[in-house]
Amino acid sequence: MFALIGVSIWATGYIGVVPAIRLLIEQPAAGINAWFIATLFDAYFGFLWFWLWIAYKETGVFARLGWLVALLLAGNIGMAVYMLIQLYKLPPNAKPKDLLLRRA
């Protein structure tokens, strides 16, 4: 959390959010700005938080590492695939805890 706040403050020191969006719209080839980097931080922290839940749910080291690689390479697509697999495995009368908690 502190890293995300820090990178947001850093990016704002270079260019505000609204001017960064305006620059992106007016000059898409202008290059990378500070908010691009801040957005990457935000996305990858989200992927890592999701992976922590996967690491809790999965008991095998190879499954945990495989899903980490999948999330870091595919991002939201990897997250969606994992969730679809988990939902497919649920019985028809499943409760939210059956999805969220590790199976016995």
Side-chain angles (χ1 to χ4, degrees):
M1 179 173 94
F2 294 114
L4 287 176
I5 292 169
V7 78
S8 295
I9 291 169
W10 170 80
T12 303
Y14 280 96
I15 186 170
V17 174
V18 174
I21 293 170
R22 188 175 306 122
L23 179 64
L24 179 64
I25 292 169
E26 293 171 358
Q27 300 173 17
I32 295 173
N33 68 42
W35 280 104
F36 175 81
I37 295 167
T39 301
L40 284 177
F41 266 77
D42 184 42
Y44 278 91
F45 271 104
F47 302 153
L48 290 173
W49 276 110
F50 190 83
W51 178 78
L52 287 175
W53 173 63
I54 291 174
Y56 160 75
K57 289 232 356 152
E58 300 295 329
T59 56
V61 173
F62 290 114
R64 289 174 176 166
L65 290 176
W67 281 109
L68 177 61
V69 170
L71 292 184
L72 294 177
L73 293 178
N76 288 321
I77 295 170
M79 292 168 68
V81 168
Y82 186 82
M83 284 303 296
L84 288 172
I85 291 169
Q86 295 305 303
L87 291 169
Y88 180 77
K89 291 180 179 180
L90 288 175
N93 59 348
K95 294 178 173 42
K97 70 176 187 169
D98 298 324
L99 173 66
L100 298 174
L101 301 178
R102 183 184 294 162
R103 290 184 185 90

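The closest donor-acceptor contact from the side chain of Trp51 to the backbone of Leu65 lies at 3.5 Å or more, if one exists at all.
The environment of Phe50 atom CZ is dense: over 12 non-hydrogen atoms of other residues, nucleotides or ligands sit within 6.0 angstrom. Atom CG of Leu4 has more than 12 neighbouring heavy atoms from other residues, nucleotides or ligands inside a 6.0 Å radius.
Taken together through direct or relayed side-chain contacts under 4.5 Å among Ile, Leu, Val, Met, Phe, Trp and Tyr, Val7 and Val18 form parts of separate hydrophobic clusters. Side-chain heavy atoms closer than 4.5 Å link hydrophobic residues (I, L, V, M, F, W, Y) into clusters, and following such links, possibly through other members, connects Leu87 to Tyr56. By the criterion of side-chain heavy atoms lying less than 4.5 angstrom apart, applied directly or through intervening Ile, Leu, Val, Met, Phe, Trp or Tyr residues, Val81 is grouped together with Leu52 in one hydrophobic cluster. By the criterion of side-chain heavy atoms lying less than 4.5 angstrom apart, applied directly or through intervening Ile, Leu, Val, Met, Phe, Trp or Tyr residues, Leu24 is not grouped with Leu40; the two fall into different hydrophobic clusters.
How far CD of Gln86 is from NZ of Lys57: 4.5 Å, rounded to the nearest 0.5 Å. Between Leu72 atom CG and Leu68 atom CG the span is 4.5 Å, to the nearest 0.5 Å.
Pairs engaging residues 8-28 under the ring pair (Phe, Tyr, Trp, His ring centres under 6.0 Å) rule: Trp10-Tyr14 [sequence neighbours left out]. The side chain to side chain donor-acceptor pair (under 3.5 Å) pairs that include a residue from residues 19-43 number zero, where partners must be two or more places apart or lie in different chains. The ring pair (Phe, Tyr, Trp, His ring centres under 6.0 Å) analysis of residues 62-104, with sequence neighbours excluded, yields the pairs Trp53-Tyr82, Trp67-Tyr82.
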Evaluate the side chain to side chain contact (heavy atoms under 4.5 Å, CB included) criterion for residues Leu99 and Met83: first the C-alpha distance (whole Å), next the side-chain angles of each, then the deciding distance (0.1 Å), finally the verdict.
-> CA-CA 9 Å; Leu99 173 66; Met83 284 303 296; 3.8 Å; yes

Step by step, work out the side chain to side chain contact (heavy atoms under 4.5 Å, CB included) result for Leu71 and Met79.
-> CA-CA 6 Å; Leu71 292 184; Met79 292 168 68; 3.4 Å; yes

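In terms of heavy atoms, Ala11 sits closest to Ala38 at CB-CB, 4.1 Å. Of all non-hydrogen atoms in Arg102 and Ala55, the two that sit nearest each other are NH2-O, 4.5 Å.
For Leu84, the side-chain contact (heavy atoms from CB on, under 4.5 Å) criterion is met by no residue, not counting sequence neighbours. Residues satisfying the ring pair (Phe, Tyr, Trp, His ring centres under 6.0 Å) criterion with Tyr44, sequence neighbours excluded, are Phe47.
Grouping Ile, Leu, Val, Met, Phe, Trp and Tyr by side-chain contacts under 4.5 Å, direct or through others, puts Leu73 with Val69.
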